[in-house]
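First the structure, in the form of structure tokens, and then the observations on it.
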Protein chains: 2
Amino acid sequence: MKTLTPLNYALLGLLNRAPLTGYEVMQVFQTTPLGGYSSSPGAIYPALKKLRHAGLLTVSGNGASGRGDTLAVTAEGKAMLKAWLLEAPVEGAGVDLPGQMLKFTFTGDMLTKRQQLSFIDRLEKAIDSAISSLAASRDRIRSNLGTHDILAVEAGLLQYRAAADWCALARRELSKGK
Amino acid sequence: MKTLTPLNYALLGLLNRAPLTGYEVMQVFQTTPLGGYSSSPGAIYPALKKLRHAGLLTVSGNGASGRGDTLAVTAEGKAMLKAWLLEAPVEGAGVDLPGQMLKFTFTGDMLTKRQQLSFIDRLEKAIDSAISSLAASRDRIRSNLGTHDILAVEAGLLQYRAAADWCALARRELSKGK
DNA sequence: TGAATCATGTAATAGGTTACATGATTCT
DNA sequence: AGAATCATGTAACCTATTACATGATTCA
């Protein structure tokens, strides 16, 4: 069970907040923005089973609603989750913004304020470097490519700039609650 | 060969600009932002073969460089590509921004100015509706969820707003060249 | 001539989607 | 009792990733 998929981490993160039954997990994925991290029973149930067999989840008695076993994250599962949260974003190439946002959501449950702020700092650095590299590539092609290609690159730049703005916003919010 | 993957369309769109050998296609995918649409030989070569067998690509003699067969989009392939470009973005749920940008890049080669502008209009509408639905979900959870969840939704909103700004920018650029 | 890289692939593996199957339970 | 939906899955299929294989060609 070396590597976990984003979906696996999303499941661990969600269940780390509160134990849920498989069905409840599916509901959450189908009704919240979390659902970006797919999605269907054919993905979620096998993933939950795999995590159980890997010892990262355990069945923890009967849920409040009476039926269905609720699943909870084990100590080992929490350790995996935390390690993932502390991983630095991959430098170079593009930054996976949705993926980083998913991570960020769960940092509130597992990391200290200090660690959360450092998460933002590192994300901001990765975004800045992505911006530089995109801007460079835009300038490189400006002469020999068409309007459409340049506009597409421009779109990428705007996305990253918005993400950079978000970092500043998030830092303010986190410091406020300090 | 009913449904094509995003990668398939990316290949069609790229080869629609100019015939290339398989290797050259790979180079482009590995060195440009297009590479977001993966990527590896193990994906690209099989995909090219599939498109050939489906009659959407043909081998068109030897490339300028001497070696390797260059691939070109057939009339049928062009039709598929055009149909895809004219498809409306999926309403509801999230808008696949990178996917729409990929599409946009290719509209310059296949669609009239009028159609390109209408592409932007529809994209903008889809984005606006995504913004409304995200904003609503933010307000719905504001009271009973933590700072981190709200910030994550806020990030989504900033992304969409940046995309909306881009629509305005793109419209200006396209009208200018009119 | 040997090293690099050009050029095209295949095989093993893993993961997801769609669609279907199935038993239990609540609602009318 | 019958309909809906709760709740958990399985099976077929497809696609992508990683890693490896292979022959041809250019370059030092």
Side-chain angles (χ1 to χ4, degrees), chain A residues 1-12 15 19-31 34-54 56-71 90 93-94 96 98-99 102, chain B residues 1-12 14-15 19-31 34-54 56-71 90 93 96 98-99 102:
Chain A
M1 213 49 34
K2 241 70 262 239
T3 63
L4 297 184
T5 67
L7 175 59
N8 292 153
Y9 285 117
L11 292 170
L12 284 180
L15 289 169
L20 296 172
T21 68
Y23 192 72
E24 287 167 331
V25 168
M26 261 196 40
Q27 304 287 70
V28 173
F29 273 72
Q30 283 173 351
T31 59
L34 205 68
Y37 284 82
S38 72
S39 83
S40 39
I44 290 178
Y45 283 109
L48 288 173
K49 185 197 276 184
K50 172 182 147 190
L51 292 172
R52 241 170 31 230
H53 290 170
L56 306 179
L57 293 179
T58 29
V59 174
S60 78
N62 269 34
S65 40
R67 41 185 180 163
D69 290 330
T70 65
L71 298 164
V90 202
D96 171 22
L102 176 69
Chain B
M1 215 48 35
K2 244 63 268 227
T3 64
L4 298 183
T5 66
L7 174 59
N8 292 152
Y9 284 116
L11 292 171
L12 284 180
L14 177 63
L15 289 169
L20 296 173
T21 69
Y23 192 72
E24 286 167 330
V25 169
M26 260 195 42
Q27 304 287 68
V28 173
F29 273 73
Q30 282 172 352
T31 60
L34 205 69
Y37 284 81
S38 73
S39 83
S40 38
I44 289 178
Y45 282 109
L48 288 174
K49 185 196 278 185
K50 172 184 147 190
L51 291 172
R52 242 170 31 230
H53 290 170
L56 306 179
L57 292 180
T58 28
V59 173
S60 77
N62 267 34
S65 40
R67 40 185 182 166
D69 291 329
T70 63
L71 297 164
V90 203
D96 171 21
L102 176 68

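Note: hydrogens, waters and symmetry copies are ignored here, and every other heavy atom, side chains too, is used. Chain naming here is simple, since letters A, B, ... match the order of the sequence lines and numbering starts at 1 in each.
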Starting the side chain at C-beta, find the nucleotide from C:dG9, C:dA7, C:dG16 nearest to B:R52. C:dG9
Indicate, with a heavy-atom threshold strictly under 4.0 Å, whether B:T5 touches base, sugar-phosphate, or nothing. sugar-phosphate
For the pair made of CD1 in B:I44 and P in C:dC6, what is the distance, rounded to whole Å? 15 Å
Any base atoms under 4.0 Å from B:G42, or only sugar-phosphate, or nothing? Heavy atoms, all strands. base
Hey, which sits more toward the 5' end of DNA chain C by its nearest nucleotide, A:A43 or B:P41? B:P41
May I ask you to test the B:L11-B:L71 pair for a side-chain heavy-atom distance under 4.5 Å? no
In whole Å, what is the span from the CD atom of A:E24 to the P atom of D:dC6? 11 Å
Please tell me if the side chains of B:L51 and B:L15 come closer than 4.5 Å, counting only heavy atoms from C-beta onward. no
Compare side-chain N and O positions of B:K49 against OP1 and OP2 of C:dT8 and report whether any pair is under 4.0 Å apart. no
Kindly say if A:Y23 contacts the phosphate of D:dT8, meaning a side-chain N or O under 4.0 Å from OP1 or OP2. no
Establish, with yes or no, whether the OP1 or OP2 oxygen of D:dT17 is under 4.0 angstrom from a side-chain nitrogen or oxygen of B:S40. yes
Which nucleotide, D:dT10, D:dT8, C:dC6, lies nearest any side-chain atom of B:Q27? C:dC6
Check the distance between C:dA11's P and B:Y45's OH and give it to me in whole angstrom. 17 Å
